[in-house]
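Hydrogens, waters and symmetry mates play no part in the numbers below; they use all other heavy atoms, side chains included.
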Amino acid sequence: MAMETSAESPVPVRTVLQAVGGWIGRLGRIWVEGQITDLNVRGGTVYLTLRDPVANMSVRVVGPRAVFEAAGPAVADGARVVLHAKPDFWINRGTFSLAALEVRPVGVGELLARLERLKRVLAAEGLFRPERKRPLPFLPRKVGLICGRDSDAEHDVLRNARRRWPAVAFQVENVAVQGSYAVGEVMEALRRLDADAEIDVIVIARGGGSMEDLLPFSDEALVRAVAACRTPVVSAIGHEQDTPLLDLVADVRASTPTDAAKKVVPDVREQLQYVRQLRDRGRRCLAGAVERELAWLKAMRSRPALADPIREIERQDERVLALRDRARRCLAAALDRAGDELTHTRARLVALSPAATLQRGYAIVQREDGAVVREAASVSAGERLLLRLADGRVAVTVSDGDRDGD
């Protein structure tokens, strides 16, 4: 229930603090998980800060030394624990803390199970899909490197990258790579590098270590930050057998920091050798093409039409003359055959012509109107007839004695 207060009727501090203490007291005992930082033992009391590994939040924890010693040596700075505590509000100072009643360190098996559950959740969201992976540039203008200060991983990446391509430029961000501050510092460095337009690729590198040492690189907040980056990210965490969740979400996974240097920049010697091979291949292809064209030109020039063009003209002239003579022979033969046929036809016509018959002494009798007389009985006495002979006509008059049918 809210307090009813005003500027005219305020309540004293003790009333406010007592009310807050009462509200907090109603929470009862709770189980809470977090990461231990600032562990300090004073006499029989242990003071520490329990930090949320994802959000930038923490709470003060106070408890008997015996409670923490019962949990074993695993309870130390950077360890993850499950704490059974009672919320406590100290009214005199207005401070909130948790009074530890039981401490249970989170074992490796439980950590692996939690990581596996987180992995399934992130995979279901599609953060590990291959189609999300972006290709690395062939030759980046500047490489962003996130690593521990003066670490072997930093030396390996820089040394091997510059050995492969001496002109490569780096922007190094030194951060904590293990412990309670690792996730926040890596995310902040990632944000700065991703915002820099000159950075073409980001490498997150760390040497090998235990699973607890590499645990920050499986943090959900860091994994999501890498997934949201616009710049391609290369993960080079630990050794080949180490597989933090960062390896799954990164665009490229390198087995070691040295392998990351090989993946980020090309080898100048290999590229020069490749250029020489391409140049030699181009020369061979060009020389082969020129040789083929020269051979074709030589073959064309060796043809008779080009080697002796006059001879080709003469050959064509001989062919024209031969065709002309052949045409003449064919035409003469055709004319001869036509002449022979005409002669035979005329001879047959002459043989069948009435004039030939007249030449043999016969005559054709015709009336004056030109009608041919075919029967003696058809003429009458005194009728004038025309006799057509071979050399002319003769007019005659029929008498009675001339009409004898015999």
Are any side-chain N or O atoms of [X] and backbone N or O atoms of [Y], one a donor and one an acceptor, separated by less than 3.5 Å?
X: R388; Y: I364; value: no
X: E383; Y: S380; value: yes
X: Q366; Y: A371; value: no

> When you check the gap from the basic side-chain N to the acidic O, do D267 and R269 get nearer than 4.0 Å?
Replying inline: yes
> Would you call E198 and R141 a salt bridge, using N to O less than 4.0 angstrom?
Replying inline: no
Is there side-chain contact between [X] and [Y], with heavy atoms separated by less than 4.5 Å?
X: L122; Y: R224; result: yes
X: L158; Y: R162; result: yes
X: L50; Y: Q35; result: no

Which residues pass the side-chain hydrogen bond (donor to acceptor under 3.5 Å, both in side chains) test with [X], sequence neighbours left out?
X: R164; answer: none
X: E102; answer: R104
X: E69; answer: R65
X: R311; answer: none

> Any side-chain hydrogen bond (donor to acceptor under 3.5 Å, both in side chains) pairs touching residues 275-295, not counting sequence neighbours?
Replying inline: Q273-R276
> What is the distance from atom CG of L48 to atom CG of N40, rounded to the nearest 0.5 Å?
Replying inline: 9.5 Å
> With sequence neighbours left out, which residue pairs that include part of residues 26-50 fulfil the ring pair (Phe, Tyr, Trp, His ring centres under 6.0 Å) condition?
Replying inline: W31-H84
Only distances under 3.5 Å count here; give the side-chain donor-acceptor pairs of residues 129-139 to other protein atoms, sequence neighbours excluded, each with its distance to 0.1 Å.
| unit_1 | atom_1 | unit_2 | atom_2 | d |
| --- | --- | --- | --- | --- |
| R129 | NE | E131 | OE2 | 3.0 |
| R132 | NH1 | L127 | O | 2.8 |
| R132 | NH2 | A227 | O | 2.8 |
| K133 | NZ | L248 | O | 2.5 |
| K133 | NZ | A250 | O | 2.7 |
| R134 | NE | D251 | OD1 | 3.2 |
| R134 | NH1 | C229 | O | 2.5 |
| R134 | NH1 | R230 | O | 2.9 |
| R134 | NH2 | C229 | O | 3.1 |
| R134 | NH2 | T231 | O | 3.4 |
| R134 | NH2 | D251 | OD2 | 2.9 |

Of all residues at least two apart in sequence or in a different chain, which pass the salt bridge (charged side-chain N to carboxylate O under 4.0 Å, His left out) check with [X]?
X: R163; result: none
X: E341; result: none
X: R29; result: none

>> If you compare all heavy atoms of F217 against all heavy atoms of V177, which two are closest, and at what distance to 0.1 Å?
In response: CE1-O, 3.3 Å
>> Testing the basics here: between V103 and V75, what is the closest heavy-atom pair and its distance to 0.1 Å?
In response: CG1-CG2, 3.9 Å
Under 3.5 Å, which donor-acceptor pairs do the side chains of residues 332-340 form with other protein atoms, sequence neighbours left out?
none

> Can you name the one residue among D259, V233, T243, L246 that meets side-chain contact (heavy atoms from CB on, under 4.5 Å) with R253?
Replying inline: T243
>> Looking only at the side chains, is there a donor atom on one of Q171 and R192 sitting less than 3.5 Å from an acceptor on the other?
In response: no
>> Test of understanding: with ring pair (Phe, Tyr, Trp, His ring centres under 6.0 Å), list the residues that count as partners of W90, not counting sequence neighbours.
In response: none
> Is R346 atom CZ crowded by more than 12 heavy atoms from other residues, nucleotides or ligands, each under 6.0 Å away?
Replying inline: no
